[in-house]
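Quick note: numbers below take in every heavy atom, side chains included, and nothing from hydrogens, waters or symmetry partners.
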Amino acid sequence: MLVVLLAVVLLITALLHWYLWKRLVKDTTRTRRGRRIGTVVVVLLALVIPATLTLSRALPHSRQVLVAWPGFLWLALMFYLLVTLLLLEIPRLALRLPRPSSPFNRNIVDVRYEVADISGPEPQVDAGRRLLLGRSLAVTAGVLSAGAVGIGVYQALGAPKLKRVPIRLAKLPASMEGFRIALVSDIHLGPLLGRAHTERIVRMINEVDADLVAVVGDLVDGSVAELGPAAEPLQDLRARRGSFFVTGNHEYFSGYQAWIDEVNSLGVRVLRNERVEVLGLDLAGVNDVTGGSVGDGPDYARALDGRDAARPVVLLAHQPVQAHEAARHGVDLQLSGHTHGGQMVPFNLLVGLQQPVVAGLGRVDGTQVYVTRGAGFWGPPVRFGAPPDISVVVLHGA
């Protein structure tokens, strides 16, 4: 199975880079030497993709950054080059269509051919025009793609935006009016995001002076042995009613049980298909759906059945798609992450095919769902059109 998957990845990589070679090398070079150099560069860049995906897991954590930075940056740039070049196929086709003919133009063409018959071979006007067109579109694609990646890197590595989100709950008691939940997700500690990233997030949350902190999954991309020190600043989180965590899909790729123990030891309570009473509301948390593959999936009945229906319930669940099941159990508000808001436009369009809410506040089967774009990134250190955020959910009565 692994061999088949690797073969598919290599085939797709080869096809994508063949297209890039055609548009960025073949269509823009006139000399054999220039084309050979361009071909070698494209082949090397094509090899970077499988090398990055392989070595970023095989190398020790301290050395993963050596392949992660160049590999994932090229992955992002390649993506935007492909998107831009595909969009530019439209003007390319329009500019290469034959121009409308007229008797006057036909006379000119006839004269040109008569001159060519007398003086020698026809001038290569079309070849020169195609070369100019190819170079112009390649430069346009390069500038736009590099700009998108540059902005995306700046946003991905910068401080998350602090968003204040008012949400009304019909059952909220008057005593909890203005109750604030600091919501963060998808911190994604790993080769490119370390302890300083966690420290900045903790500092920003503490400055909000929230009543409660909710970390809704995808904290890490690696084991406790590798990333324990990077997660350690979570022990400094401050909130009057405590800090809580639920698992995301990436915890199940990183040794979930060890991370559950580690997060609990840092003073952040992991809600595992359970609920707690927080003043006048119930706070529930369920495991991520990925946990089902290892016998640790979400159990909504265990977390939500038997409660007082007169009290509002807020559910922490990593993926927005879990709201369908949450709605069947009468959840008033679900807080989620997972989507990254698409991370790199236009991926948000694809995410919307799988998740009912990509970012912000929505409603699923009658249940309100708020989705944070997350504070980190996965894969390329790029967030274009979907900047990271930490959300402060402010609860109000209806």
Side-chain angles (χ1 to χ4, degrees), residues 1-10 12-13 43-79 149 152-153 156-158 184-202 215 217-236 245 247-266 268 270 288 290-291 293-294 296 318 338 340 343-344 374-383 388:
M1 182 63 183
L2 184 60
V3 174
V4 174
L5 180 61
L6 181 60
V8 171
V9 170
L10 291 175
I12 294 174
T13 301
V43 169
L44 291 175
L45 289 172
L47 295 174
V48 164
I49 303 298
T52 300
L53 297 177
T54 303
L55 295 177
S56 60
R57 284 290 185 180
L59 289 175
H61 177 73
S62 59
R63 296 185 180 181
Q64 290 175 8
V65 66
L66 300 176
V67 294
W69 265 111
F72 285 126
L73 276 178
W74 169 241
L75 188 63
L77 184 59
M78 179 194 73
F79 169 73
V149 172
V153 170
L157 299 181
V184 65
S185 179
D186 301 279
I187 294 173
H188 282 294
L189 299 175
L192 302 181
L193 292 171
R195 186 183 180 99
H197 178 56
T198 315
E199 289 174 341
R200 179 169 59 187
I201 290 170
V202 169
V215 185
D218 279 8
L219 171 65
V220 292
D221 287 303
S223 68
V224 171
E226 295 169 333
L227 297 173
E232 198 173 276
L234 291 177
Q235 67 187 351
D236 297 324
F245 178 84
T247 55
N249 54 309
H250 282 250
E251 272 71 59
Y252 292 99
F253 309 142
S254 306
Y256 74 96
Q257 189 57 62
W259 273 114
I260 288 169
D261 295 340
E262 181 71 11
V263 171
N264 273 320
S265 74
L266 296 174
V268 180
V270 182
D288 184 66
T290 308
S293 63
V294 292
D296 195 54
H318 179 62
H338 182 66
H340 298 201
Q343 184 163 324
M344 294 164 52
F377 54 81
W378 182 76
V382 176
R383 296 198 63 148

Determine whether Trp378 and Asp186 make a side-chain contact, defined as any pair of heavy atoms from C-beta on separated by less than 4.5 Å.
no

Tell me, do Glu251 and Thr290 make a side-chain contact under 4.5 Å, heavy atoms counted?
no

Among Leu227, Asn264, Val270, whose side-chain contact (heavy atoms from CB on, under 4.5 Å) with Trp259 holds?
Leu227

Do Leu77 and Leu73 have side chains that approach each other closer than 4.5 Å (heavy atoms only, starting at C-beta)?
no

Would you check if Leu75 and Met78 make a side-chain contact, meaning some heavy-atom pair closer than 4.5 Å?
yes

Under a 4.5 Å cut-off applied to non-hydrogen side-chain atoms, are Ile201 and Ile187 in contact?
yes

Do Leu10 and Pro50 make a side-chain contact, defined as non-hydrogen atoms from C-beta onward lying under 4.5 Å apart?
yes

Taking the side chain as C-beta and beyond, is there a heavy-atom pair between Leu66 and Leu59 under 4.5 Å?
no

Taking atom types as modelled, is there a side-chain donor on Tyr252 or Asp288 under 3.5 Å from an acceptor on the other?
no

Between Phe377 and Leu157, is the side-chain contact (heavy atoms from CB on, under 4.5 Å) condition met? List the steps.
CA-CA 9 Å; Phe377 54 81; Leu157 299 181; 3.9 Å; yes

Relative to the ring of Phe253, is the ring of His250 parallel (under 30°), tilted (30 to 60°) or perpendicular (over 60°)?
perpendicular

Just checking Arg195: does its CZ atom have more than 12 heavy atoms from other residues, nucleotides or ligands closer to it than 6.0 angstrom?
yes

Any Val224 side-chain heavy atom under 4.5 Å of Asp261 side chain:
no

Could you go step by step and tell me if His338 and Ser185 meet the side-chain contact (heavy atoms from CB on, under 4.5 Å) rule?
CA-CA 7 Å; His338 182 66; Ser185 179; 5.9 Å; no

